[in-house]
Amino acid sequence: MVGWGYAKANGPSTWPAMFPVAGGSKQSPIDIKRRGCPEDPRLNKIRAAYADIMISELSNSGASWKAQIGSGRSSLRGGPLGDDEYVLEQFHPHWGKTNERGSEHTVDGTCYPAELHLVHWNKSKFSSFAQAAASEGGLAVLGMFLTIGQEHPEMSKICNLLPFISHKGQAITVTNPVRPETFLPKNGSYYTYSGSLTTPPCYESVTWIVFEQPIQVSEAQLDAFRRLKSYHPCEDCPQDELQGALVENYRPPCPLCDRVVRKYSD
Ligand code: GRE
Ligand code: ZN
């Protein structure tokens, strides 16, 4: 077997064999059960500030597209993050083949067509993203559900570049301004819990902040995601059920175990 992925042969149920922590008790995503989320009066609004953010590279990992942040200033504070400051490292989405599914987190069993992850690391406690990603309290990820509706102008800037990274391993160096704040929903209500990266190595280092209100993208924008390929340009198209399409790149919900999901209402 070549590596992890989302097909039957190398999908999420096979990950723990290669990455034991993927079978652990603080894994992500989860199904958020609204009835089981106490409002915590100690939680407050998430404060995200981004200025002059430039994407340095847009790449196709075979498992998603990823926008790597190259320059600018970012600060994520507040909410469940205590006194620490986190900075934006990269953002990427997960999506389905059709609109019936695609998000990683679900709410009372309901899936959204896609989910966007803004990945931040704890600059107060760590000196690099790699170090933070492998450490408890190292990462904070803002998760946004995507629904089909209005075209998202900021997302269009990304979608227009995806044809240049159609296949796994392809990357373009860009100096593209991006305004990550445009990906945050107007309403600041969120769910928060301690979890993990949703892809191998599945480190249990993530404070998840999943917004309740979805943001809109157009069907054409999601279709641009769905045209990406999960295999290298020189490889033959895989003959599995996904046929080389980079779709269904979401991990199904993991057991909550003894964790509590807290809610902040804006
Ligand atoms: C992912 O690969 O999907 C991922 C990261 C980092 C944090 C969260 C996450 O790479 O889902
Ligand atoms: Zn992700």
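First listed ligand is number 1; within each ligand, the first listed atom is number 1. Count residues from 1 along the sequence.
- Under 4.0 Å is where a charged nitrogen must lie from a carboxylate oxygen, and between D240 and K8 no such pair does.
- Taking OG1 from T198 and CD from E115, the interatomic distance works out to 7.5 Å, rounded to the nearest 0.5 Å.
- The only member of T182, L116, V178 that meets side-chain contact (heavy atoms from CB on, under 4.5 Å) when paired with M155 is L116.
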- [ ] Tell me, with the steps shown, if F126 and W121 meet ring-ring contact (aromatic ring centres under 6.0 Å, His included).
- [x] CA-CA 8 Å; F126 303 98; W121 61 277; 8.1 Å; no
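- Here I209 contributes atom CD1 and L142 contributes atom CG; the two are 5.5 Å apart, rounded to the nearest 0.5 Å.
- Around the Zn ion (ligand 2), protein N, O or S atoms at a distance under 2.8 Å total 3; waters are neither shown nor counted.
- Under the ring-ring contact (aromatic ring centres under 6.0 Å, His included) criterion, the residue pairs touching residues 241-266 are Y190-Y264, with sequence neighbours excluded.
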Any protein N or O within less than 3.5 Å of an N or O in ligand 1? List each pair with its distance, or say none.
from     : atom 1 : to   : atom 2 : distance (Å)
ligand 1 : 2 (O)  : T199 : OG1    : 2.7
ligand 1 : 3 (O)  : H92  : NE2    : 3.0
ligand 1 : 3 (O)  : H94  : NE2    : 3.1
ligand 1 : 3 (O)  : T198 : OG1    : 3.2
ligand 1 : 11 (O) : H117 : ND1    : 3.3
ligand 1 : 11 (O) : T198 : N      : 3.4
ligand 1 : 11 (O) : T198 : OG1    : 2.9

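- For the salt bridge (Lys or Arg N to Asp or Glu O under 4.0 Å) test, no residue two or more places apart in sequence or in another chain qualifies with K26.
- Under the 30°/60° scheme for interplanar angles, the aromatic rings of H92 and H117 are found to stand perpendicular.
- Taking the side chain as every heavy atom from C-beta outward, H152 and F183 approach each other to under 4.5 Å.
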